[in-house]
Amino acid sequence: MNTIAFFDAKPYDRESFDRINNGRYDIRYFDTRLTAASLPLVNGCDAVCAFVNDEIDRTVVAGLADAGVQVLALRCAGYNNVDFKAAYDLGLTVVRVPAYSPYAVAEHAAALLLALNRRIHKAVARTRDFNFSLVGLTGFDLHGKTAGVVGMGKIGRVFAGICRGFGMKILAYDAYPNPQEGVEFVPMERLLVESDVISLHCPLTKETQHLFNAEAFAKVKPGVVLLNTSRGGLVDSEALLAALRDGQVGAAGLDVYEEESEWFYEDRSQVIRQNKTLSLLVSMPNVIVTSHQAFLTREALENIATTTLANLDAFFSDAPLENEICYCCTGKDKVTVNCPNRTRGRCIKKKP
Ligand code: NAD
C-alpha cells in the first residue's frame with residue numbers, strides 16, 4: 001500500500017479524505033505545514049499531499065526527492081507556492097485539483113460583497129447588543145452598477161453570472177480573453193475607471209504580483225468595493241490600506257492576504273500582533289477579512305478529496321496524468337496542454 005504524507009491537515013480534510021480513500025492508501029496526517037523544517041516527516045512516504053500555504057521551494061523539493069517521494073499532490077487549484085523548475089529538474093511529478101467548485105469561491109466573493117455593501121457584519125454586532133439604530137448602515141443598489149472581473153476563468157465566470165443576476169453590467173479583463181455572452185472584455189485601465197465593484201479571479205504570477213498597487217488604486221472609481229478571493233499577492237496591502245484611508249477604495253473583502261501563511265487557518269487570538277497592516281485592515285469598519293475560506297463547502301471538500309486520490313491512483317497505476325503541471329508546459333497559464341516532453345500522458349517520467 002502506498003503511503004501519503006498529508007500536511008496542514010484539518011479535521012474537515014481528514015473527514016473527506018478518510019471517507020473517499022476508504023483504506024486504499026495509508027494516509028499519515030500531519031497538522032504542521034510542509035516546510036524545510038518538517039521534511040523529516042516524509043521519510044518512508046511515496047507521495048506528499050500539500051495545500052496553499054505549504055512552502056515548496058527548491059530546498060523542500062530536493063528534500064522530497066532525496067526521501068524517495070515520487071509525487072506531490074496539491075489539493076488546491078493555485079500552485080504559486082511550488083518551485084516547478086526544481087520539481088522538473090529533480091523529477092518530482094506535481095499534480096493538482098484544477099477545479100473543485102468554482103461556485104464555492106464565487107459565492108464567497110458575492111457573500112463578501114453583500115455583507116460589505118449592506119454592512120451586515122456591523123448590523124449583526126449591533127443587534128446582538130440590542131442596538132437597533134440604522135445610522136451608518138446605508139448601502140447602494142447593486143442593480144445597474146458595474147462589476148469589473150479580473151480573470152474570467154472558471155471562478156470569474158461564475159462570479160460574473162451571479163452579478164448579472166443582480167442586474168449588474170459586467171466588464172472583464174483577462175490576459176487570454178474568451179468571449180462570453182453578457183460580458184464586455186475591456187483593457188484593465190477601463191475596468192479600473194468604470195467599475196463600482198472589482199473582483200479578482202486571476203492566478204498569482206510574476207505578471208500579476210501587486211497588480212493592484214498605488215498606481216492602480218489612483219485610477220479606480222472613488223469608493224469602489226474591492227474583493228480578493230484569489231491570492232493575497234495580487235494586492236499591495238500597504239497601498240490598499242492607504243486607498244481605504246483616503247476613501248479611494250470604499251470597502252474591501254479579503255479572503256486572502258499577502259502574508260497570510262503566518263496567520264491564516266489557525267487560532268492566533270492569543271498572539272501579540274506584530275503585523276501592523278493586517279491589524280489595521282482587520283480593524284477597519286469597511287473591511288471584512290476571512291481566512292482563505294472561500295473554497296470551504298461540503299461539495300468542494302468532496303471534490304478535492306476525490307480528484308486528489310484519483311490523481312494519485314493515475315500516478316501509481318502508470319495511467320496518463322490529466323492534472324499534472326510542469327515547468328516546461330507552454331500552454332495557457334502553463335497548464336499541461338502543449339508540453340514538448342509529454343509522452344503517454346505524462347511530462348515527468350515515473351521512476352522505476
Ligand atoms: P482559471 O485558470 O479557470 O482562471 C484564471 C483566469 O485568469 C484565466 O481565464 C486566465 O486566462 C486569467 N489570467 C491569467 N493570467 C492573467 C493575467 N496576467 N491577467 C488577467 N487574467 C489572467 O482559475 P480559477 O479556477 O478561476 O481560479 C482563479 C484563482 O482563484 C486561482 O488562481 C486561485 O489562486 C484562486 N482560488 C482561491 C480559492 C480560495 O479558497 N480563496 C480557491 C480556489 C482558487
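Whatever order the structure lists ligands and atoms in, that order sets their numbers, starting from 1.
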Would Glu207 count as being in polar contact with ligand 1, using the rule that some N or O on each side must be under 3.5 angstrom apart? no
Name the option, out of Tyr176, Tyr100, Phe295, that contains the heavy atom nearest to atom 42 (C) of ligand 1. Tyr100
Heavy-atom proximity to atom 7 (O) of ligand 1 ranks first, among Pro203, Ser230, Gly153, Ala77, for Pro203
To atom 12 (C) of ligand 1, the nearest of Asp174, Ile304, Asn178 on a heavy-atom basis is Asp174
Look at atom 18 (N) of ligand 1 and find which of Leu200, Thr208, Thr290, Asn80 reaches it with the closest heavy atom. Thr208
Tyr79 ring center within less than 6.0 Å of Phe84 ring center: yes
Could you point out which residue of Thr146, Val220, Val149, Val150 forms a side chain to side chain contact (heavy atoms under 4.5 Å, CB included) with Leu191? Val150
Between Lys85 and Asp89, is there a salt bridge with N-O shorter than 4.0 Å? yes
With the threshold set at 4.0 Å, does a side-chain nitrogen-carboxylate oxygen contact exist between Glu15 and Arg19? yes
Look at Arg346 together with Glu324 and state whether they make a salt bridge at an N to O cut-off of under 4.0 Å. no
Tyr265 ring center within less than 6.0 Å of Phe51 ring center: yes
With a 4.0 Å heavy-atom cut-off (strictly under), which part of His108 contacts ligand 1: side chain, backbone, both or neither? neither
Tell me whether the centres of the aromatic rings in Phe159 and His201 are closer together than 6.0 Å. yes
Residue portion contacting ligand 1 (non-hydrogen atoms closer than 4.0 Å) for Lys154: both
Counting both backbone and side chain atoms, is some N or O of Gly156 under 3.5 Å from an N or O of ligand 1? no
Short N or O distance, Arg231 and ligand 1, threshold 3.5 Å exclusive: yes
Hey, is ligand 1 close enough to Val150 that some N/O pair sits below 3.5 Å? no
So does Arg231 pair up with Glu260, basic N to acidic O under 4.0 Å? no
Under a 4.0 Å N-O cut-off, is there an ion pair linking Lys10 with Asp31? no
List ligand 1 atoms under 4.0 Å from Tyr173, heavy atoms only on the residue side. 19 (N), 20 (C)
Going by distance only, is there an N or O of Gln293 that falls short of 3.5 Å from an N or O of ligand 1? no
Can you sort out which atoms of ligand 1 are near Val105, meaning under 4.0 Å from one of its heavy atoms? 38 (C), 42 (C), 43 (C)
Between Asp54 and Arg33, is there a salt bridge with N-O shorter than 4.0 Å? no
Of Ala300, Pro177, Ala175, Ala294, the one whose closest heavy atom lies nearest atom 20 (C) of ligand 1 is Ala175
Using a strict 4.0 Å cut-off to heavy atoms of Gly151, name the atoms of ligand 1 that fall inside it. 7 (O), 21 (N)
